[in-house]
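I have placed the structure first, in the form of structure tokens, so that the comments after it can refer back to it.
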There are 2 protein chains.
Amino acid sequence: MSERIRNQSLKSKVMSAEEAVQFINNGDMIGTSGFTGAGYPKGMPAAIAAKANEAHARGDEWAVKILTGASTAPENDGVLAEADAVSFRSPFNTDPKMRAKINEGKVKYTDIHLSELGMYVQEGFFGHMDVAIIEAVAIREDGSIVPSSAVGNNVEYMDAADRIIIEINEWQDLELEGMHDIYRMPMPGSRVPLPICNPGDRIGGTSIDVDPEKIVAIVHTDGPDRNAPFRPVDETSKAIAGHLLDFLDGEVHAGRLAYDRLILQNGVGNVPNAVLAGLEDSRFENITAYTEVIQDGMLDLIDSGKMSFASATSFCLSPDAAHRMNQEADRYRNHIVLRPQQVSNHPEVIRRLAPIGINGMIEADIYGNVNSTNVAGSKMMNGIGGSGDFTRNAYISSFVTPSAAKDGDISAIVPFASHIDHAEHDVKLIVTERGYADLRGLCPRDRVRKMIDIAAPEYRPLLEEYVEFASKSKAQHTPHDLTRAFEFHTRFLETGSMKK
Amino acid sequence: MSERIRNQSLKSKVMSAEEAVQFINNGDMIGTSGFTGAGYPKGMPAAIAAKANEAHARGDEWAVKILTGASTAPENDGVLAEADAVSFRSPFNTDPKMRAKINEGKVKYTDIHLSELGMYVQEGFFGHMDVAIIEAVAIREDGSIVPSSAVGNNVEYMDAADRIIIEINEWQDLELEGMHDIYRMPMPGSRVPLPICNPGDRIGGTSIDVDPEKIVAIVHTDGPDRNAPFRPVDETSKAIAGHLLDFLDGEVHAGRLAYDRLILQNGVGNVPNAVLAGLEDSRFENITAYTEVIQDGMLDLIDSGKMSFASATSFCLSPDAAHRMNQEADRYRNHIVLRPQQVSNHPEVIRRLAPIGINGMIEADIYGNVNSTNVAGSKMMNGIGGSGDFTRNAYISSFVTPSAAKDGDISAIVPFASHIDHAEHDVKLIVTERGYADLRGLCPRDRVRKMIDIAAPEYRPLLEEYVEFASKSKAQHTPHDLTRAFEFHTRFLETGSMKK
């Protein structure tokens with residue numbers, strides 16, 4: 001235990017989660033650690049949920065506002081949502097119970113770019129932050145905090161909050177210490193250049209200085225991150241990855257990329273992981289990543305020597321890969337840095353390093369506008385995450401998706417995207433298992449053919465039909481027929497299928 | 001004349017536009033100087049139009065592709081459009097004749113963020129650039145080019161083009177020399193931090209190095225920029241500006257801004273100019289601007305001592321203010337720097353300096369998505385310009401607009417924006433003459449009330465009616481009724497009014 005809490009005076013703050021919950025009050029705004037299922041608090045949420053349940057049993061209203069790094073897990077977002085303990089949630093969430101509450105209108109959810117939330121909290125745009133609950137692997141002699149498997153908004157939330165609760169998670173390997181690069185972003189008026197010119201450049205220390213007076217409790221936990229089992233690469237994902245790699249080969253042949261100078265930003269999911277698997281057998285060498293999340297495929301590329309360095313803010317690993325990380329964190333420290341999400345997703349560094357951006361999506365329209373967030377315009381799926389941070393500033397921004405979903409009842413290519421997160425100006429490349437649509441330099445009308453070519457065959461006639469209607473538009477820059485633009489979606493809402 | 005062309009060997013390249021047009025061929029891609037009606041070529045376009053007309057009279061197809069900095073003027077975009085001499089145009093355009101051709105489908109137009117076009121051209125995303133036509137005030141002894149009243153994409157276009165034609169415009173004051181800060185952005189792989197920490201920081205030289213072998217012609221011109229007469233501030237604009245200044249006062253009182261630390265980004269137009277006029281009588285001092293365009297109001301603020309420095313890529317002045325600039329460029333040089341648009345609009349510097357962003361728009365929807373470009377989804381107005389570059393990275397991004405247009409037949413607040421350039425995630429504040437909607441930290445449903453409150457009174461019942469329909473949505477995160485979402489627009493297309 002002593003190797004985890006090395007500051008003598010803070011040892012007196014150790015208590016159980018049930019005791020520490022005294023510091024959480026109805027209406028509090030709480031900032032937590034946690035990003036993409038890693039590094040979230042594993043002890044306090046259940047205690048907060050219990051406190052909410054007790055209050056509700058008494059007939060009292062009781063709820064808190066929860067801000068995180070990004071998605072957490074059932075034992076955090078899940079238990080809190082189940083107890084109706086949350087009135088407000090931001091940003092990115094993948095927990096099905098929390099998602100249900102958001103879409104029932106019971107939890108207010110604000111979807112914001114991941115690079116922005118920390119500074120907006122510090123500026124008070126979201127109101128006053130009462131408590132920060134942060135998972136750590138250790139507290140150093142000087143009282144500074146060594147984060148665990150995600151850095152997220154830990155720095156900003158601890159700076160903004162009145163009270164800090166630290167969860168020391170024994171499951172997280174102590175060798176993670178030294179993997180973090182902690183940079184405290186100055187507020188407007190005193191910002192200077194971020195001197196990151198390569199994904200591996202370090203610009204800060206390895207732990208987070210905090211005011212020890214603000215630490216009101218330290219809670220011990222011992223649980224794994226939400227490490228989802230690795231899904232084998234399916235044929236569709238493999239085909240999408242193959243088309244993307246073909247595109248990258250084409251860029252090398254056009255002299256715009258080199259086999260030894262590929263920087264990746266890779267969203268989380270089956271298709272992005274298939275891209276990583278595809279890179280194993282590609283001609284690319286010395287690959288680096290400036291991205292949000294370290295996935296299994298990146299550890300594989302590091303192990304095979306294909307990837308020299310990956311910068312991110314968190315892990316998102318399978319149980320096997322998490323085990324590897326915990327066994328060999330000291331080795332991976334030479335190839336991985338975890339940064340605050342304000343830095344991992346910073347527009348400045350992304351535009352400078354010029355990565356290839358690869359993100360998933362829900363749908364794109366025939367002109368290349370992309371919906372990453374709302375199904376049929378109204379239902380929140382997960383949120384925009386960092387896709388906006390990267391898409392707007394990457395060298396080439398691509399979106400990858402199967403051409404159809406739900407056994408073919410949903411087309412990923414539609415006449416008019418029912419929510420637009422990435423405008424036509426931002427999107428350069430869209431890839432499905434049918435091929436890729438390279439939209440660069442094309443006027444809207446010329447994008448239509450490329451988009452229909454990558455749609456599922458059963459939807460192509462319906463898209464052609466819409467294009468025919470839209471071609472009667474008085475204005476021919478972006479021809480639309482607004483009386484029919486959402487026909488795919490309204491049919492889906494009525495019949496359960498976008499098909500006629 | 002000799003003080004304008006100081007390089008002896010280049011003097012032999014002087015010729016008339018009619019002679020220089022020999023270097024322009026059917027199908028050429030041409031990059032020109034010019035940004036917001038300043039610094040565009042004034043001699044070559046008419047010669048190119050004449051060449052097109054001759055070819056068309058012979059029954060030949062003849063057209064070129066035109067890439068600029070941003071908008072130019074009748075004697076450039078106008079004459080070229082009139083002669084059907086253009087097959088492709090990018091980016092931002094305000095010329096009515098060019099706009100008409102774009103919306104008739106005769107000119108292919110690609111709308112792209114102004115910070116990106118230069119590098120995309122250099123990378124070849126738009127194809128090979130044949131010719132650059134660049135207005136300059138002088139050519140130095142070393143053959144380098146001193147730009148005129150706009151820098152735009154001059155560096156990137158001259159680097160990318162096979163042939164360069166320089167227009168020396170005698171109307172432009174020689175004292176502009178020294179006002180420019182020319183930085184050549186390295187290509188991906190060798191980029192380093194841009195060391196701009198204040199709007200006035202200089203990072204480059206004052207002229208553009210070019211390969212003298214590429215200069216095939218030098219043409220003399222003597223004409224003013226498209227300097228539109230100054231429109232007096234109307235009551236509506238004054239009211240909008242008043243609300244915005246109230247908001248800024250509130251930010252000072254909240255401790256997030258200081259009266260001596262306001263950095264502005266200000267779009268072009270009547271309302272933004274009214275904001276500048278309003279600042280004259282405000283408590284703000286030592287104002288600076290990190291923006292695209294220097295307008296009359298900024299010269300006024302500099303003259304009154306309210307503004308200490310303005311960074312931009314071009315001027316957009318009234319004839320009076322242009323006269324003042326030509327008389328006193330040496331004085332204004334202490335307060336103004338003109339940069340390449342890749343630098344003036346760079347995400348890195350914008351996020352670092354954290355300006356207040358103020359841009360115009362066409363419409364916003366009840367959830368805060370903003371349409372800056374397409375009327376009723378299909379008709380291109382001017383393009384996105386730099387609004388995306390600034391909105392995504394400014395400290396607080398605002399949009400300003402009268403609540404209604406066309407004698408009240410168009411509402412600026414609609415149920416669903418018919419084209420989305422700035423997503424709900426990006427937009428923090430919307431201001432009409434009815435007040436401001438501060439959207440920060442709000443979930444979509446909570447934004448609706450604020451948006452309806454700033455709508456024109458005659459449209460509020462119609463918006464309420466839509467909200468009532470949408471409230472029946474199965475998903476309550478962003479409630480929409482997609483069968484009615486575009487009713488405002490379809491009514492307008494049918495009847496000429498969004499009113500019932």
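The chains referred to below are lettered A, B, ... by the order of the sequence lines, with proteins before strands, and numbering in each begins at 1.
Neither the backbone nor the side chain of B:Asp438 comes within contact range of chain A; no heavy atom of the residue lies under 4.5 Å from a heavy atom of that chain. For B:Ile350, no part lies near chain A; criterion is any non-hydrogen pair under 4.5 Å. Only the side chain of B:His346 comes within contact range of chain A, judged by heavy atoms closer than 4.5 Å. Neither the backbone nor the side chain of B:Glu487 has a heavy atom closer than 4.5 Å to any heavy atom of chain A. If you measure heavy-atom distances from A:Ala485 to chain B, the contacts under 4.5 Å come from the side chain alone. Of the two parts of B:Asp446, only the side chain, counted from C-beta on, holds a non-hydrogen atom closer than 4.5 Å to a non-hydrogen atom of chain A. Heavy-atom distances place no part of B:Ala258 under 4.5 Å from chain A, backbone and side chain included. Using a 4.5 Å cut-off between heavy atoms, A:Tyr120 contacts chain B through its side chain alone, with no backbone atom that close. For B:Ser473, the part lying under 4.5 angstrom from a heavy atom of chain A is the side chain only. B:Glu251 touches chain A through its side chain: at least one heavy atom from C-beta onward sits under 4.5 Å away, while N, CA, C and O do not. With a threshold of 4.5 angstrom between heavy atoms, A:Asp389 approaches chain B through its backbone and through its side chain. Interface remark: B:Asp111 contributes backbone and side-chain atoms alike to the contact with chain A (heavy atom separation under 4.5 Å). Heavy atoms closer than 4.5 Å to chain B are found in the backbone of A:Leu194, but not in its side chain. Using a 4.5 Å cut-off between heavy atoms, B:Arg261 touches chain A through its side chain atoms alone. Looking at B:Met185, neither its backbone nor its side chain comes within 4.5 Å of chain A, counting heavy atoms on both sides. In this structure, the portion of B:Lys474 lying under 4.5 Å from any heavy atom of chain A is its backbone and not its side chain. For A:Asn374, the part sitting under 4.5 Å from any heavy atom of chain B is the side chain, from C-beta outward, and nothing else.
Between chain A and the residues B:Ser190, B:Gly377, B:Ala423, B:Pro347, the largest count of heavy-atom pairs under 4.5 Å involves B:Pro347. Highest contact tally toward chain A, considering only B:Arg445, B:Gln476, B:His113, is held by B:His113 [criterion: heavy-atom pairs under 4.5 Å]. In terms of heavy-atom pairs under 4.5 Å with chain A, the best-connected choice from B:Arg352, B:Met119, B:Lys428 is B:Arg352. Chain B forms more heavy-atom pairs under 4.5 Å with one residue of A:Lys379, A:Glu116, A:His422, A:Lys106 than with any other, namely A:Glu116. Taking chain A as the reference chain and counting heavy-atom pairs below 4.5 Å, the highest number among B:Leu493, B:Asp426, B:Leu353, B:Ile112 is found for B:Asp426. With chain B as partner, the option from A:Gly105, A:Pro195, A:Pro193, A:Ala354 having the largest number of non-hydrogen pairs under 4.5 angstrom is A:Pro193. Between chain B and the options A:Ala254, A:Pro479, A:Ala475, the largest number of non-hydrogen pairs under 4.5 Å is found for A:Ala475. Between chain B and the residues A:Cys197, A:Pro186, A:Ala470, the largest count of heavy-atom pairs under 4.5 Å involves A:Cys197. Put simply, of B:Tyr367, B:Phe125, B:Tyr395, the one with the most heavy-atom pairs under 4.5 Å next to chain A is B:Phe125. For the set B:His480, B:Arg256, B:Arg89, the count of heavy-atom pairs under 4.5 angstrom toward chain A peaks at B:Arg256. Per-residue heavy-atom pair counts under 4.5 Å with chain B were compared for A:Arg484, A:Met380, A:Met187, and the maximum is reached by A:Met380. Note on A:Ser115, A:Ala417, A:Pro91, A:Pro444: by heavy-atom pairs under 4.5 Å with chain B, the leading option is A:Ser115.
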Starting from the C-alpha separation in whole Å, work towards a yes-or-no answer on side chain to side chain contact (heavy atoms under 4.5 Å, CB included) for B:Thr288 and B:Asn198. CA-CA 9 Å; B:Thr288 56; B:Asn198 294 289; over 6 Å; no

Apply the test side chain to side chain contact (heavy atoms under 4.5 Å, CB included) to residues B:Ser418 and A:Leu482: give CA-CA distance (whole Å), side-chain angles for both, the deciding distance (0.1 Å), then the verdict. CA-CA 8 Å; B:Ser418 62; A:Leu482 294 181; 4.2 Å; yes

Steps toward salt bridge (Lys or Arg N to Asp or Glu O under 4.0 Å) verdict (B:Glu123, A:Arg440): CA-CA 11 Å; B:Glu123 289 285 44; A:Arg440 293 175 296 176; over 6 Å; no

One pair to check against side chain to side chain contact (heavy atoms under 4.5 Å, CB included): A:Val343 and A:Ile196. What are the steps and the verdict? CA-CA 10 Å; A:Val343 179; A:Ile196 299 174; 3.6 Å; yes

Please report the C-alpha distance between B:Arg191 and B:Glu348 in whole Å, then the side-chain angles of each, then the deciding distance to 0.1 Å, and finally whether the salt bridge (Lys or Arg N to Asp or Glu O under 4.0 Å) criterion is met. CA-CA 12 Å; B:Arg191 291 184 185 154; B:Glu348 167 174 345; over 6 Å; no

Passes side chain to side chain contact (heavy atoms under 4.5 Å, CB included), B:Asn369 versus A:Ile420? Steps please. CA-CA 8 Å; B:Asn369 299 285; A:Ile420 292 173; over 6 Å; no

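No donor-acceptor pair closer than 3.5 Å links the side chain of A:Thr391 to the backbone N or O of A:Gly388. Judged by distance alone, the side chain of B:Asn393 and the main-chain N or O of B:Arg351 form no donor-acceptor pair under 3.5 Å. A:Asn103 places a side-chain N or O within 3.5 Å of a backbone atom of A:Arg99 that can act as its donor or acceptor partner. With hydrogens and angles disregarded, a donor-acceptor distance shorter than 3.5 Å links the side chain of B:Asp421 to the backbone of B:Ser372. At distances below 3.5 Å, at least one donor-acceptor pair connects side-chain atoms of A:Arg447 with backbone N or O atoms of A:Leu442. Put simply, the side chain of B:Asn382 never gets that close to the backbone of B:Phe92: no donor and acceptor are under 3.5 Å apart. Judged by distance alone, with hydrogens and angles left aside, the side-chain atoms of A:Ser90 form a donor-acceptor pair with the main-chain N or O of A:Thr110 at under 3.5 Å.
The ring-ring contact (aromatic ring centres under 6.0 Å, His included) test with B:Phe416 singles out one residue from B:Phe486, B:Tyr466, B:Phe469, and that residue is B:Phe486.
Of all heavy-atom pairs spanning B:Asn93 and B:Tyr109, the tightest one is N-OH, 3.9 Å. The two atoms that bring A:Ser378 and B:His477 nearest to each other are O-CB, 3.4 Å, heavy atoms only.
Counted by atom type alone, B:Thr478 and A:His419 present zero donor-acceptor pairs between their side chains at under 3.5 Å.
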